[in-house]
Each structure stands twice: as structure tokens, then as C-alpha cells.
Amino acid sequence: MTTHPANADSILADLAEGLPIGRVPATLYGNRELYEREKLNVFARCWVFLAHESEIPANGDYVLRKMGEDYFVVVRDEDGQVNVLFDACVHRGVQVCRADSGNTSHFRCPYHGWTYDTKGNLVGAPLWRNAFGGLDKGSNGLRAAAKVDSYQGLIFATLDPSAPTLKEYLGGMAWYIDLVFGLNDAGVEVIGAPQRFVIAANWKSGADNFSGDDYHLGTLHRSVWEIGAYPIPFAANMMGYHIQASPGHSLSFSMAPTEDEPGPKFFAFPERLTETFAPREGRLSAHQLDVARRARVFVGNVFPNFSILALPIIEDGADPTGVLTIRTWQPIDEGHFEVWNWFCGYKNMTSEEKAHSYRSGLATFSMGGSFEMDDTEPWITVARNGRSTAADVLGLSLNYQMGMPGIGIAHPVQDWPGPGIAYWTRYEEGVQRNMYRFYLDMMRAEPGHWPDLDFAPELIPGSESYGIDRLESLR
Ligand code: FES
Ligand code: FE
């Protein structure tokens, strides 16, 4: 039954009805009640990306990050363990950490001086004997995230004690994260602090786009080709795979049809570097290395709001170089989010190579970058229309049908060496439907219960399961 004004339940019912036929209600991008539920059911339950390990290499190093709208201190304690602590003093709830990053042995609350160590333990307060003599310090420490873990240097946390492990949550997506972050023993590091900028749009527009919206490149980013900043012609760029890696997590590759095809290899990272990329027993298979070698662009989203992008960029007419950015779409409300944007490099790149990659990233995927400025404007109008009365009363449902049976040229492939559901050619929107199926499951999940993290058999070409077990067998 249609409900006006739309509310969270009616929008989710429309989404459930629409997804199997490739339809998504426009109100998904602008409804306040839905957003309030996202904070609880998505951001307080899913594994959320917080930091890269290279940001806090030494004991005592910390960065201030967000889960949903809430601030958490991500700190490496004196034993080298990473803790994720809710930045709220247990005395009156004051924010304890007042810097974006630093190194410390203790956090001292500015209000009355309660002092916590890097594990979050309350260790003292001014005039302790007079004020609190006899108080149990043990039950007055900073509250911590329920679970913290990292994969390939990427630190995640969840507030939900009933959440699956990070590895289970990432599922098949871990195999693809290896293709960027696990190519050599040196590994990846961030280059500088994250850029931050606010966009008047809904956070899901960023996640949707980075799940694999390649179709927009020829229209929205046309000028990037016109100024010669991108080395792959549009038609060739659309050749590649769309992959539903595991429920919620999707990605897209632009990929050479064969290994001998001319064009960038390994996203155009310098050859001197890519010679250090090699399969390693139990860490990177020959299949994974082959996929990474042929890949020209990798763009993907780990649900809910963590995206990865590796691609070749031409800056100032020089040879293309690889750019690697990781970013979060940090919600502020249903109509605003903040982009946190890190540039990364491989640790064994020279400082010149890192500088070249960083400059190329700034010119394209940063607040003033040519790609970024293109992308943000349409997202603003998605949110404006998403909260409109017209979208509600006219029942505007958005078209997500590209690549469905009988629509377009994309088709599922059976011989893909990685986990998940793979389609050849990037004219396809199953990647976004995958994100919204899992979103729907999370939004309807009862507390303490988790949706199935394996694909439903009917979604899998050939009805073969591509879950955790299959992932293990592929390593
Ligand atoms: Fe932190 Fe009182 S609020 S010490
Ligand atoms: Fe774009």
C-alpha cells in the first residue's frame, strides 16, 4: 500500500518490490527517517573502515575517526594493539581527544581532568582521594568498539558484538582487496593526511557510484578525455568485468581482453615497482596476479561506505602513472556527507614516484580534481530530488536495469577466476543492485541477527556457491 509521506518502512517495502526488476525508489536518497535507521542498522552494525595501519605505525599514535556520525579514537597502545575508543568521557560525556592525530600515552578530559590510557582504562583524575577514593576505576574506562580487526593494513571496527568476523564480512571482497593491497611484501602506505570536504548529497550516491558506475564516464567526465588526462579510450574502458564479490560489496575492472593487449598494466604503476609484484604462497595466487596485471582500473565499494580506486592518470602530458585512492563517504545527515580521501602508494616506490602519483591524484580525485568536481554536482540533485514531495507522490522509481536479462550486452561469465558473480563488459548495474540487496537485508535485520553472507543460490550463474569456503579454495 502506498504511504504518503513516504516513511522508512514504505521505502524499504518499495525497494524490496523493486530490486528484482531493477527499480530503486528515489526517496532512498533523501528520507530523514530512513537515514535515522541507517545510523542504527548500518553504521552501528556493519564493519566500518577507520584508518590505514601506516597512519598509526608507532605505539601511542592515534587518529580521530568516525563511525556514522560519532567520533572514535583509533589508537595503537603500548603493546602495539589497535584500540577503537568512543570519544566520550565517562564522567560527563565530554569529547576527550581534541586533535585529528598525534602521539600520546594518555588522553586527559578537558572538563575535570579524568585521564585514560591508550587502552581506554581510567588511570586517574585530579584530587582523586577526595573526589573518588573508593571508586572502581575498572568500570569507568572509555567505551570501545565491539570488534576491531584489519585486513591488508585496512583497519575496520564494528559496534555490534553479534557481527561476523571481518573476514566473513568481507567474504569474496578480500580476494579483490589483495589485488591492490597485497601485490608485494612491502605493502601500501598512505601519502599524507586524508583530505576532507562536504557535499550536499546522500552518502549512498558515493557508494553507488564506486560500486561500478562506469557508464557515466563518457558523459559526465568527457572533458577529462578532452584534456588528455586519461589514457584509455571510452569504448575500451568499458571492456572489463563487473563483480558482485559478496553480498553488499561490489567492484568493477576495466581490463585488457588479453594479456598482450597494449595499454597500461597494473593500473600504470611504474614498471620498476611492478617487477616486485609476485605470487606468494598463501597470500597472493598466480590468478590474482594475472587479474591485477591486466587491470587498468579497479573501482569498488566495501559496504557501507569504504571505496577503493586504482587507475592510470596522465598529468601534464607525462606518461600515465597509477593513482590509488581510498575514501569513505561519511554521513552527516540524509542530505550531506563528508568525503575523507586518502592517497596511497606502495612503500617501495621512490619519493619521486610517490610525488608523481600524488600529484596525478590531486589533479583528478580531490576536492579540486577534474573527476571529483564532475561527480559531486549530479549527486547534489539526486539528494534534492530524493527528498522532494514530487518523488514521493509520483512514486519515482529509479532505473537500475542495465545488464539484466535481455537488456544490453553484459552477460554473466563462468570462467572468472575469482569469487563472486562476474559479468563481462561494464554496461551493467547488478553491482549496485547487490549493494542495495544487502542494504535492504541490514535495514530489516532484527538486533542480534545477521543476514546470510553467502549469495542466494538463485543469484549465482550455474547455481554454484561462491561463499567463504570457495574463497579459501581459490587462495
Ligand atoms: Fe570528563 Fe568530567 S567530563 S572529567
Ligand atoms: Fe565519476
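Order of listing sets the numbers, starting from 1, for every ligand and every atom in it.
Atom NE2 is the N, O or S atom of H216 at the shortest distance from the Fe ion (ligand 2).
Angle NE2(H221) to the Fe ion (ligand 2) to OD1(D375): 90° [nearest 10 degrees].
Between V94 and H112 the shortest side-chain heavy-atom distance does not fall below 4.5 Å.
A ring-centre distance under 6.0 Å is found for F365 and F371.
Applying the 6.0 Å contact sphere to CZ of R222 captures no more than 12 heavy atoms from other residues, nucleotides or ligands.
Of all protein N/O/S atoms, those under 2.8 Å from atom 1 (Fe) of ligand 1 are C89 SG, C109 SG, and waters are not counted.
Across all non-hydrogen atoms, the minimal contact from C97 to V73 is CB-CG2, 3.7 Å.
Side-chain N or O atoms of S211 include one that pairs as donor or acceptor with a backbone N or O of A207 at under 3.5 Å.
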Working for side-chain hydrogen bond (donor to acceptor under 3.5 Å, both in side chains), residues D375 and H221:
CA-CA 8 Å; D375 281 317; H221 297 310; 3.1 Å; yes
ring-ring contact (aromatic ring centres under 6.0 Å, His included) evaluation trace for Y346 with F277
CA-CA 11 Å; Y346 293 88; F277 295 167; 5.2 Å; yes
